[in-house]
Asker: 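Dumping the structure here so I can ask a few things about it.
The basis for the numbers below is simple: all heavy atoms, side chains too, and nothing from hydrogens, waters or symmetry mates. In what follows, residues are counted from 1 in the order of the sequence shown. Worth saying up front: this structure is predicted, and the values here are computed from it rather than measured.
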Amino acid sequence: MSSHRAPVTRSHYLFFLSYRTRWIDNDQYSHVNNSVYYHLFDSVVNTFLIQQCGLTSDSAQIGLVVSSHCQFFSPLSFPQVLDLGLRVVKLGSSSVTYEVAVFEEGKDVPAAVGGYTHVFVDRESRKSAPMTEPLREGLSSLLSTNESLAPKL
């Protein structure tokens, strides 16, 4: 675990998804395994893309992950309930960088902060393509306008 506290709080995030940890999420050390956090990131991002941006399983445009990261501040464990906070820290013409904070339910400071960058491509050609207007509009609603909120990793 990092000795540095996350520079963000719950108020920095605009979209939330609740997650009930499962017994299988724990590892041999009785805390949520680090690989599970990437499943959590994927879940909150794709829930937002489906609910707010109109993406479907057969959309002509798809997002490919080109980089990812996570910094851990405190352990979480089954049977905790988590709140996943999502924001956009960078929005380009065909790419977006998300930041996800993982909060224990009811806590204001995250136990972990991470995220990833999607590059949107044409489903068939896999070539980079500018985002569709509904996608860009939805992602813009999560864009952090305060430069001090950008990730420090």
Asker: So, for Cys70 and Tyr38, which heavy atoms are closest and what is the spacing to 0.1 Å?
Answerer: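 Scanning both residues completely, I find the closest heavy atoms to be N-OH, 3.4 Å.
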Asker: Take Leu139 and Tyr98 through the test side chain to side chain contact (heavy atoms under 4.5 Å, CB included) and record every step on the way to the result.
Answerer: CA-CA 9 Å; Leu139 291 170; Tyr98 309 98; 3.8 Å; yes
Asker: Are more than 12 heavy atoms from other residues, nucleotides or ligands located less than 6.0 Å from atom CZ of Arg20?
Answerer: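 12 or below, so no.
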Asker: For Thr132, does its backbone N or O pair with a side-chain atom of Gln61 as donor and acceptor, under 3.5 Å?
Answerer: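 Flag set: sc Gln61 to bb Thr132 pair under 3.5 Å.
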Asker: Could you tell me the separation between the OG1 atom of Thr47 and the CG atom of Leu86, rounded to the nearest 0.5 Å?
Answerer: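 One gets 9.5 Å once the value is rounded to the nearest 0.5 Å.
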Asker: Nearest heavy-atom pair of Val8 and Pro110: which atoms, and what distance?
Answerer: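 The answer is O-CD, 3.4 Å.
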Asker: Output the distance between atom OG (Ser68) and atom CG (Asp42), rounded to the nearest 0.5 Å.
Answerer: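 Reported to 0.5 Å precision, the distance equals 10.5 Å.
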Asker: Please write out which residues are connected to Leu64 in a hydrophobic cluster, directly or through intermediates, given that two of Ile, Leu, Val, Met, Phe, Trp, Tyr count as joined at side-chain heavy-atom separations below 4.5 angstrom.
Answerer: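 Hydrophobic cluster check, Leu64: joined to Ile62, Val66, Val119, Val121.
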Asker: Search all heavy atoms of Pro75 against all heavy atoms of His31 and return the closest pair with its distance.
Answerer: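 Of all heavy-atom pairs spanning Pro75 and His31, the closest is CB-CB, 4.1 Å.
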Asker: Got a sec, which residues hit salt bridge (Lys or Arg N to Asp or Glu O under 4.0 Å) with Arg22, two or more places apart in sequence or on another chain?
Answerer: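 For Arg22 the salt bridge (Lys or Arg N to Asp or Glu O under 4.0 Å) partners, ignoring immediate neighbours, are Asp25.
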Asker: Decide if atom CD of Glu124 counts as having more than 12 heavy atoms of other residues, nucleotides or ligands within a radius under 6.0 Å.
Answerer: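 No, CD of Glu124 has 12 or fewer neighbouring heavy atoms, counting only those of other groups under 6.0 Å.
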Asker: Where the side chain of Thr9 meets the backbone of Val109, is there a donor-acceptor pair that is under 3.5 Å apart?
Answerer: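 No; judged by distance alone, with no hydrogens or angles, the pair does not exist.
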Asker: Kindly compute the distance separating CG (Leu135) from CG (Leu49), expressed to the nearest 0.5 Å.
Answerer: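 Between Leu135 CG and Leu49 CG, I get 6.5 Å after rounding to 0.5 Å.
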Asker: Is there a donor-acceptor contact under 3.5 Å from the side chain of Glu137 to the main chain of Cys53?
Answerer: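 Judged by distance alone, no pair lies under 3.5 Å.
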Asker: With hydrophobic residues grouped by side-chain heavy-atom distances under 4.5 Å, do Val81 and Tyr37 end up in a single group?
Answerer: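 They do not share one cluster, since no chain of ILVMFWY contacts under 4.5 Å joins Val81 to Tyr37.
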Asker: Out of curiosity, Ser59 OG to Phe120 CZ, how far, rounded to the nearest 0.5 Å?
Answerer: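 CZ of Phe120 is found 10.0 Å from OG of Ser59.
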Asker: Let me confirm one number: the CD-OG1 distance from Glu105 to Thr21, rounded to the nearest 0.5 Å.
Answerer: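 OG1 of Thr21 is found 10.5 Å from CD of Glu105.
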Asker: Grab the two heavy atoms, one from Val44 and one from Leu84, that are nearest each other, plus how far apart they are.
Answerer: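 So the two residues come closest at CG2-O, 3.9 Å.
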Asker: Would you call the rings of Tyr116 and His118 parallel, tilted or perpendicular, taking 30° and 60° as the class edges?
Answerer: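 Judged by the thresholds at 30° and 60°, the geometry between Tyr116 and His118 is perpendicular.
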Asker: Nearest 0.5 Å, what's the CG-CG distance between Asn33 and Leu76?
Answerer: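 So the gap between those two atoms works out to 12.5 Å.
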Asker: Is there a path of hydrophobic side-chain contacts, each under 4.5 Å between heavy atoms, that joins Leu40 and Ile50?
Answerer: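 Hydrophobic grouping puts Leu40 apart from Ile50.
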Asker: Do the side-chain N and O atoms of Ser30 and Ser77 include a donor-acceptor pair separated by under 3.5 angstrom?
Answerer: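 No - no donor-acceptor pair under 3.5 Å links their side chains.
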Asker: Kindly indicate, with the supporting measurements, whether the criterion side chain to side chain contact (heavy atoms under 4.5 Å, CB included) is fulfilled by Val102 and Asp83.
Answerer: CA-CA 6 Å; Val102 181; Asp83 293 325; over 6 Å; no
Asker: If you compare all heavy atoms of Ala101 against all heavy atoms of Val113, which two are closest, and at what distance to 0.1 Å?
Answerer: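 Of all heavy-atom pairs spanning Ala101 and Val113, the closest is CB-CG2, 4.3 Å.
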Asker: Any idea which heavy atoms bring Gln80 and Glu104 closest together, and the distance?
Answerer: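 Shortest heavy-atom separation between Gln80 and Glu104 comes out as NE2-CD, 3.0 Å.
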Asker: Tell me which one of Phe15, Phe41, Phe16 satisfies ring-ring contact (aromatic ring centres under 6.0 Å, His included) with Phe48.
Answerer: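 Only match with Phe48 under ring-ring contact (aromatic ring centres under 6.0 Å, His included): Phe15.
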Asker: For the residue pair Ser140 and Leu91, establish whether any side-chain heavy-atom pair is separated by less than 4.5 Å.
Answerer: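 Yes; the side chains approach each other to less than 4.5 Å.
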Asker: Decide side chain to side chain contact (heavy atoms under 4.5 Å, CB included) for Thr117 and Val65; before the verdict, give the C-alpha distance in whole Å, the side-chain angles of both, and the deciding distance to 0.1 Å.
Answerer: CA-CA 6 Å; Thr117 298; Val65 175; over 6 Å; no
Asker: Got a sec, which hydrophobics cluster with Phe78, joining ILVMFWY side chains under 4.5 Å apart, including via others?
Answerer: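 In the cluster with Phe78 are Trp23.
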Asker: Can you list the steps and then say if His12 with Arg87 is a side chain to side chain contact (heavy atoms under 4.5 Å, CB included)?
Answerer: CA-CA 8 Å; His12 292 115; Arg87 68 180 177 170; 3.7 Å; yes
Asker: Determine whether the side chains of Ser128 and Ser94 contain a donor N or O and an acceptor N or O closer than 3.5 Å.
Answerer: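 Yes, a side-chain donor-acceptor pair sits under 3.5 Å.
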